[in-house]
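First the structure, in the form of structure tokens, and then the observations on it.
In what follows, every heavy atom counts, from backbone to side chain, and hydrogens, waters and symmetry copies are set aside.
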Amino acid sequence: MEAKQRIEDLINRLNRYSYEYYVLDHPSIDDISFDNLLKELESLEKQYPQYALPDSPTQRVGGEINKDFKQVEHAFPMLSLANTYSKEEIVDFVKRAEQTLGINNLEWVCELKYDGLAISLLYENGVLVRAATRGNGLTGDDVTANIKTIRSIPLRLQGDGYPQRFEIRGEVIYPKKAFEEFNLQRIENGEEPFANCRNAASGSLKLQDPKQVAKRKLDCFLYFIISDEVGQTTHYERLRQAKQWGFKTGNFFAITDNINGIMDFINYWDKERFNLPFDIDGIVIKLNEVKYWNILGSTAKSPRWATAYKFKAEQAFSKLKNVAYQVGRTGIITPVAEFEPVHLGGTMVKRATLHNADQMDVLGLCKEDTLVIEKGGEIIPKIVEVKHDENLLHSGKLEKINFITHCPVCGAKLVKEEDQAGWFCPNYNHCPPQILGRFQHFISKKAMNIESLGGEKMRYLLDNNKVSDFASLYDLKKEDVIGVYFSVDGKKVSIQDKSADNIINAIEESKQVPFERVLYALGIRYVGEVGAKTLAYHFENIDNLIAASIEDLLNVEDIGQTIAESVYSWFKNEENIREIQDLRQKDLKFVVEKQDFLNKLQGKSFVVSGTFETFSRDGIKKTIEQNGGKNVSSLSKKTDYLVCGEKMGPEKKRKAESLNIPMITEQEFLEMLK
């Protein structure tokens, strides 16, 4: 009993310390002391597993790998807010609520609109029992194991007075500092950095391994309690109560009974948002008195007692310095405007894509131009307007910038295909950036999955003649990669012993990658992941594909003229054929294994919904493809079957019934394969 008492005492203390640190931002214990107590708890729980509790902070380090996310149904639909960029529409929204209720000067709560992933947390007897994403609003993914790794989310509530069972909803976010640190780590590992905090937060919650989620240092703000048993009658009082129970609700609120107060809050945060340690994309306005929520009700998509104002993209002006040209792995040439560095959306920017020659003509880009730049979706800089130098304009001395005619790297004359917007370099086999791009594609996760090698390491190996073609990757030895130095943001990083082992092992393991992914890895222009599967399953092996005529290719479902011509041309290139033969010598797979390939479902289309016993969701989809069937994302009159698993969304069932689409169980699906 002494061990049990000590475990309970440690859990209570550590949970309290976490609340003080992550919610109150007022720690009462140093990190070393906290870590020592946590280690003691871990040791006791291993020694006495019968006394371990579900709210133990040891749960936050990550549990078992989740191979598939179960679909769970929301007790109350997770509606999304109506939003607008117009302040006039906010005024109309407030007036409409006042007129409907017959009350002037209603009280409103203004909050920050966090830029992350919506989440719903279910608590029973004060303990977190389930966390689910929004999904389609009716059903979402059960991400409980991943949510438990977020330290600001309480596993057990503090105090008392909370309902026996209730939901609280909020937003999972990626704090800017943690996001930057994680991106730097990815770059040092030779991996591609994430584009923005919102997408990284969303992607992190879908990781199968909670231990990897724990490393991401996500955070969460909670802003909406769903329960009839909460005593507080206003939204603001409920948020204050939620904070006392241990939830992180933030301190960024304002209560006002007039439109001027709402506008003051919007205007203040429109400027101050860039100083926050996390991203926001607007302001949420909610009616404070909860009793009016049911009276106003909701539309099919959003409540009538709350709305959101979204900030417009910030603009900046800068002087054009140069137009540079990038060469992609398929030879496409992308013009990029380089301008004087300017502060925009919280970061310094100095480059923006011009997309293609046609877009350059639309902008009418000239030397000495001033550019109007904004961040599309608060993320990617883009040029929205060009202002010519007035003196040059009036004197007729404006010098237009024309798109280049030859590759900026290898010098080959550029070509343009009919009906295509972009120009490209035809020197496929010998243009250096194309070669590097193809290698980076070849080793990517969805292709050969040699991600431990990484793009920058790949660049070094090419520059130092360690590899010359795809096949030469499989000749690399540990001594070829250990000690390799490459630059990351001006810093030199070297490959150490363990990293070198990982690279060589990953290269060897990639020999087990199936034919369809090997075909995708070759980087044939216009052949994506789905197209590669389609071609592999149709032709069954590389020899049949090499021998295929354009007519043969066009007879494959979903393969059009552009893809057919690209594939045909690629296999008529002698250097590409030699590459195939060399890779065969390295034991890569160029045949669809017969045990995985049948035509039992040829010509049939399927929608898969719910969870299954025999298969994971991806597993059943792969089985459909390997047996000649086709996966489609949504139901239509052309859909042949809806494969129904447990906890399938009710909306899909209703739609299938209305369209008379046959609904089959997992067992009935297996019978079709016999």
Side-chain angles (χ1 to χ4, degrees), residues 19 22-26 76 78-83 90-91 93-98 100-101 103-114 116 118-121 123 152-154 157-163 166-171 173 219-270 272-273 276 278 280 282-298 302-309:
Y19 169 69
Y22 292 102
V23 178
L24 300 182
D25 197 22
H26 190 70
F76 302 91
M78 284 189 75
L79 303 177
S80 55
L81 291 176
N83 56 66
I90 297 296
V91 174
F93 167 79
V94 171
K95 286 182 178 177
R96 194 159 51 245
E98 290 178 342
T100 302
L101 295 171
I103 302 172
N104 293 326
N105 303 115
L106 288 168
E107 201 168 65
W108 300 92
V109 178
C110 301
E111 311 168 19
L112 304 185
K113 187 176 182 295
Y114 303 104
I119 199 77
S120 179
L121 308 178
Y123 285 80
S152 57
I153 293 177
L157 301 184
Q158 304 199 34
D160 52 30
Y162 42 78
F166 73 100
E167 278 187 60
I168 186 167
R169 292 173 177 175
E171 203 91 358
I173 62 166
D219 205 347
C220 182
F221 285 99
L222 285 307
Y223 48 65
F224 178 37
I225 296 176
I226 301 177
S227 175
D228 294 330
E229 299 176 31
V230 180
Q232 290 74 18
T233 60
T234 68
H235 174 59
Y236 182 69
E237 288 172 342
R238 288 185 173 191
L239 290 175
R240 292 182 63 186
Q241 180 62 71
K243 188 170 185 177
Q244 292 176 13
W245 290 337
F247 294 111
K248 185 170 185 176
T249 57
N251 300 310
F252 312 100
F253 304 102
I255 300 178
T256 180
D257 63 358
N258 59 76
I259 197 66
N260 290 334
I262 293 174
M263 293 304 164
D264 288 345
F265 193 82
I266 288 173
N267 294 333
Y268 176 82
W269 285 110
D270 194 5
E272 287 297 314
R273 57 184 158 134
L276 288 167
F278 48 83
I280 64 171
I283 297 299
V284 175
I285 301 105
K286 292 177 185 171
L287 197 55
N288 196 23
E289 285 287 345
V290 175
K291 65 183 179 183
Y292 296 140
W293 293 0
N294 286 336
I295 298 173
L296 291 176
S298 304
S302 55
R304 293 192 178 95
W305 44 267
T307 194
Y309 174 84

- Evaluation steps, side-chain contact (heavy atoms from CB on, under 4.5 Å), between Tyr123 and Leu157: CA-CA 9 Å; Tyr123 285 80; Leu157 301 184; 3.7 Å; yes
- Message: I'd like to know whether Phe166 forms a side-chain contact (heavy atoms from CB on, under 4.5 Å) with Glu229, so could you lay out the CA-CA distance, the side-chain angles of the two residues, the decisive distance to 0.1 Å, and finally the verdict.
- Response: CA-CA 8 Å; Phe166 73 100; Glu229 299 176 31; over 6 Å; no
- Task: Could you walk me through whether Ile280 and Lys113 pass side-chain contact (heavy atoms from CB on, under 4.5 Å), step by step?
- Result: CA-CA 5 Å; Ile280 64 171; Lys113 187 176 182 295; 5.5 Å; no
- Item | Step-by-step side-chain contact (heavy atoms from CB on, under 4.5 Å) determination, Glu107 to Ile255 | CA-CA 7 Å; Glu107 201 168 65; Ile255 300 178; 3.3 Å; yes
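Two residues are said to be in side-chain contact when any heavy atoms from C-beta on lie closer than 4.5 Å; Lys291 and Thr233 fail this criterion. Side chains of Phe253 and Tyr236 form a contact here, defined as non-hydrogen atoms less than 4.5 Å apart. Side-chain contact between Val230 and Pro163: present, with at least one pair of heavy atoms (C-beta onward) separated by less than 4.5 Å. In this structure, the side chains of Lys243 and Leu239 stay at 4.5 Å or more apart for every pair of heavy atoms. When side chains are defined from C-beta on, Leu106 does not count as touching Glu289, because their heavy atoms never get closer than 4.5 Å. Contact annotation: the side chain of Ile90 approaches that of Thr307 to within less than 4.5 Å [non-hydrogen atoms, C-beta and beyond].
One N or O on the side chain of Glu98 and one on the backbone of Asn105 form a donor-acceptor pair closer than 3.5 Å. With hydrogens and angles disregarded, a donor-acceptor distance shorter than 3.5 Å links the side chain of Arg238 to the backbone of Gln232. Between the Trp305 side chain and the Val290 main chain, no donor and acceptor come within less than 3.5 Å of each other.
Phe247 and Tyr162 have their aromatic ring centers separated by at least 6.0 angstrom.
By the 30° and 60° cut-offs, the orientation of the rings of Trp108 relative to Phe93 is tilted.
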Only pairs under 3.5 Å count here: list side-chain donor-acceptor contacts from residues 257-265, not counting sequence neighbours, and write none if there are none.
from, atom 1, to, atom 2, distance (Å)
Asn258, OD1, Asn260, N, 3.1
Asn258, OD1, Gly261, N, 2.8

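Between atom CZ of residue Phe224 and atom CD1 of residue Ile168 there is a gap of 10.0 Å, rounded to the nearest 0.5 Å. Atom CD1 of Ile283 is separated from atom CG of Asn83 by 13.0 Å, given to the nearest 0.5 angstrom. Atom CZ of residue Phe252 and atom CD of residue Glu111 lie 12.0 Å apart, to the nearest 0.5 angstrom. The line from OG1 of Thr100 to CZ of Arg304 is 8.5 Å long, rounded to the nearest 0.5 Å. How far CZ of Phe76 is from OG of Ser227: 8.0 Å, rounded to the nearest 0.5 Å. In this structure, the separation between CG on Leu222 and CZ on Arg169 is 11.5 Å, given to the nearest 0.5 Å.
For Asp270, the side chain to side chain donor-acceptor pair (under 3.5 Å) partners two or more places apart in sequence, or in a different chain, are Arg273.
The side chain to side chain contact (heavy atoms under 4.5 Å, CB included) test with Phe221 is passed by exactly one of Ile119, Ile173, Leu112: Ile173.
The two atoms that bring Met78 and Ala118 nearest to each other are CE-CB, 4.1 Å, heavy atoms only. Across all non-hydrogen atoms, the minimal contact from Ser152 to Cys220 is OG-N, 3.4 Å. Of all the heavy atoms in Thr256 and Cys110, the pair that sits closest is CG2-SG, 4.3 Å. Contact between Ser80 and Ser302 at its shortest, heavy atoms only, is O-CB, 2.8 Å. Between Ala306 and Lys286, the closest heavy-atom pair is CB-CG, 3.7 Å.
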